[in-house]
Protein chains: 2
Amino acid sequence: MLHIKIMSPSTTTPALAFRPLYKQVVGLITRSLEIGEWKPGVALPSEAELAVRYGVSQGTVRKAIDELVSANLLIRRQGKGTFVATHSDPDSFARFLCLAPNDGEPRPVSNVPLACWRAKAGADVARHLGLEPGALVIIVRRLLRIGEDPAAFDEIYLPGGLFSELTMDVLNSAESSLYSLFESRFGVRAIRANERLRAVSADKVSAEALQVAEGAPLLLAERVTFTYGDKPVEWRRGFYSTRNCHYHNELG
Amino acid sequence: MLHIKIMSPSTTTPALAFRPLYKQVVGLITRSLEIGEWKPGVALPSEAELAVRYGVSQGTVRKAIDELVSANLLIRRQGKGTFVATHSDPDSFARFLCLAPNDGEPRPVSNVPLACWRAKAGADVARHLGLEPGALVIIVRRLLRIGEDPAAFDEIYLPGGLFSELTMDVLNSAESSLYSLFESRFGVRAIRANERLRAVSADKVSAEALQVAEGAPLLLAERVTFTYGDKPVEWRRGFYSTRNCHYHNELG
DNA sequence: CAGTGGTCTAGACCACCTC
DNA sequence: AGGTGGTCTAGACCACTGA
């Protein structure tokens with residue numbers, strides 16, 4: 001495959017049109033990931049092969065891969081190869097769950113689907129998901145247990161177009177995380193998310209689900225999840241009971 | 001300055017003793033930052049000079065600096081140089097404040113010191129700060145306003161040894177953030193922090209400070225802040241009122 | 001052993017900033 | 001014009017993995 005070293009200096013933005021070669025390679029690799037040329041979990045061609053394919057040096061390919069690794073899209077394993085990141089690999093993709101037990105003891109996390117239905121998107125859900133108001137959305141309620149304790153009660157809004165075959169049966173058949181299910185069953189890969197946290201009082205429904213008193217303080221996490229190209233694919237409101245757990249965050 | 005390319009293969013861990021050259025350069029630069037050879041805000045010697053100084057190629061120095069840049073210890077500015085990161089630069093170091101107004105309108109953040117006193121460290125504070133129980137700690141209470149709204153009420157515990165001259169007068173003289181004050185006045189540079197969030201009910205003191213009803217839900221953020229060498233330098237409990245603000249976090 | 005990623009080098013050239 | 005960081009190359013060698 002050929003590449004274009006000289007950027008056409010767009011007349012509107014004369015000097016800003018410069019785009020380094022390795023950035024172009026980033027774009028090409030990302031595109032291949034997006035269209036599924038390399039599936040989650042499998043190895044990419046070696047750096048040397050990619051260098052030939054894109055007509056650049058190995059160093060340039062390396063720099064491109066560096067960027068995709070730090071964006072968590074790829075994983076390097078020395079001596080083995082470079083792999084497409086996947087939510088099925090617990091090591092690499094438990095990073096969207098920020099809840100941890102207070103005492104530090106690791107506990108099994110279990111996923112309890114409660115309900116799944118269709119509805120028309122309201123104004124705010126449509127806005128977050130980039131849909132027309134009234135578009136079809138799928139709503140999932142689920143409980144997350146950490147050890148024995150109910151820790152999170154989530155209401156999850158998904159674009160109907162991407163998840164049309166999602167049902168309670170599908171949810172119940174999922175052995176691991178939801179994102180892993182989205183990836184393997186619907187080809188939707190969650191890349192990054194923006195989360196907003198607030199403290200609220202438990203309403204009746206969430207109090208019951210989390211087995212706390214109505215009015216008890218809960219952590220409300222509202223999350224928009226994105227896939228390639230910053231396309232939103234999930235809007236989620238999660239109520240977290242922080243009696244035995246906390247939300248952890250690293251600043252730096 | 002000379003460098004050692006061949007690692008003495010420690011007899012206890014034969015094969016694990018390999019340490020790449022650029023990692024050693026990272027260590028040397030970090031050490032210079034730590035002992036204050038280059039102060040916050042000033043430029044480092046050029047990459048070429050550092051290459052000569054450490055007896056390595058410029059590429060190796062670059063790779064070392066890459067790592068320190070992504071750890072937020074250094075900042076590159078093309079055409080100008082590489083600079084020591086500083087909390088005084090609002091661009092680079094507002095990153096410890098995760099609170100933002102709900103409507104997205106940027107508002108001025110103001111810092112209102114309320115109290116400052118000495119005490120002996122209790123068991124948990126001592127543990128978080130790595131001190132002996134009973135060691136001298138300085139406790140600061142302050143209010144953070146975002147626009148006109150009281151947004152955060154913080155109780156901050158500092159090791160007495162590092163901040164011995166901290167008083168209300170010093171706090172009142174600070175024009176910008178606390179971490180900026182720590183850096184310029186006490187030579188203590190906050191590098192990273194671990195934060196744990198919970199939802200709690202407002203007690204009388206924090207309710208009054210934040211002008212919310214007693215029992216209202218608040219976001220409690222407990223933070224340990226570290227400097228070079230993962231040494232803890234601050235333990236903080238902050239109560240956030242999330243009526244007009246939220247805590248934002250990027251996952252991915 | 002061969003294949004992979006990881007390190008290191010030396011040198012050329014480019015983009016950006018300042019004087 | 002002269003300095004800085006930023007890109008790109010080609011090649012050598014090292015560390016890790018697995019057959």
Side-chain angles (χ1 to χ4, degrees), chain A residues 2-10 13-29 38 42-70 73-85 92, chain B residues 2-10 13-29 38 42-70 73-85 92:
Chain A
L2 296 181
H3 64 281
I4 302 169
K5 290 203 184 191
I6 310 297
M7 295 287 86
S8 58
S10 136
T13 54
L16 286 71
F18 171 70
R19 204 159 165 242
L21 252 189
Y22 79 91
K23 285 279 187 189
Q24 302 181 44
V25 174
V26 166
L28 292 170
I29 296 178
W38 304 307
V42 310
L44 264 65
S46 73
E47 294 177 355
E49 287 176 80
L50 290 173
V52 171
R53 164 164 171 176
Y54 298 129
V56 300
S57 78
Q58 181 175 343
T60 299
V61 168
R62 254 192 99 64
K63 189 154 185 177
I65 292 179
D66 280 343
E67 202 161 282
L68 294 165
V69 165
S70 62
L73 293 183
L74 298 177
I75 295 178
R76 286 190 209 273
R77 286 182 225 163
Q78 180 168 162
K80 300 176 76 172
T82 303
F83 299 79
V84 182
S92 115
Chain B
L2 296 180
H3 65 277
I4 301 170
K5 289 203 184 192
I6 311 298
M7 295 290 84
S8 58
S10 139
T13 54
L16 287 71
F18 172 69
R19 214 172 156 228
L21 253 189
Y22 80 91
K23 285 278 188 190
Q24 303 181 44
V25 175
V26 167
L28 292 170
I29 295 178
W38 305 306
V42 309
L44 264 63
S46 73
E47 293 176 355
E49 286 176 80
L50 289 174
V52 172
R53 163 164 171 174
Y54 297 130
V56 300
S57 77
Q58 180 176 343
T60 299
V61 168
R62 253 192 99 66
K63 189 154 185 177
I65 292 178
D66 280 345
E67 202 161 281
L68 294 165
V69 165
S70 62
L73 293 182
L74 298 178
I75 295 179
R76 286 190 210 272
R77 284 181 229 165
Q78 179 168 161
K80 300 175 76 171
T82 302
F83 298 78
V84 182
S92 116

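Below, chain A is the first sequence line, B the second, and so on; all start at residue 1.
- For B:K63 and C:dC8, the shortest distance from a side-chain N or O to OP1 or OP2 is not below 4.0 Å.
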Short heteroatom pairs, N/O only, protein and nucleotides 2-5 of chain D, under 3.5 Å:
{"residue": "D:dG3", "atom": "N2", "partner": "B:G79", "partner atom": "O", "Å": "3.0"}
{"residue": "D:dT4", "atom": "O2", "partner": "B:G79", "partner atom": "N", "Å": "3.4"}
{"residue": "D:dG5", "atom": "OP1", "partner": "B:T82", "partner atom": "OG1", "Å": "3.4"}
{"residue": "D:dG5", "atom": "OP2", "partner": "B:E47", "partner atom": "N", "Å": "3.0"}

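- A:K23 is linked by a salt bridge (charged side-chain N to carboxylate O under 4.0 Å, His left out) to A:E67, counting only residues two or more places apart in sequence or in another chain.
- Protein atom CD1 of A:I75 is 12 Å distant from nucleotide atom P of C:dG6, rounded to whole Å.
- By the side chain to side chain contact (heavy atoms under 4.5 Å, CB included) test, B:E49 pairs with B:P45, B:S46, sequence neighbours left out.
- The CG-C1' distance, from B:D66 to C:dC8, rounds to 14 Å in whole Å.
- Between B:T60 and C:dT7, a side-chain N or O to OP1/OP2 separation shorter than 4.0 Å is absent.
- Residues that satisfy the side chain to side chain donor-acceptor pair (under 3.5 Å) test with B:T60, not counting sequence neighbours, are B:S57.
- Applying the side chain to side chain contact (heavy atoms under 4.5 Å, CB included) criterion to A:R62, with sequence neighbours excluded, gives A:E47, A:R76.
- Taking atom CZ of residue A:F83 and atom C1' of nucleotide D:dC16, one finds them 13 Å apart after rounding to whole Å.
- In this structure, B:F18 places its CZ atom 16 Å from P of D:dC13, rounding to the nearest Å.
- Exactly one of B:I65, B:V25, B:V56 qualifies for a side-chain contact (heavy atoms from CB on, under 4.5 Å) with B:L50. That residue is B:I65.
- The side chain to side chain contact (heavy atoms under 4.5 Å, CB included) search around A:I75 returns A:R77, A:A85, A:S92, not counting sequence neighbours.
- Atom C1' of nucleotide D:dC14 and atom OH of B:Y22 are separated by 13 Å, given to the nearest angstrom.
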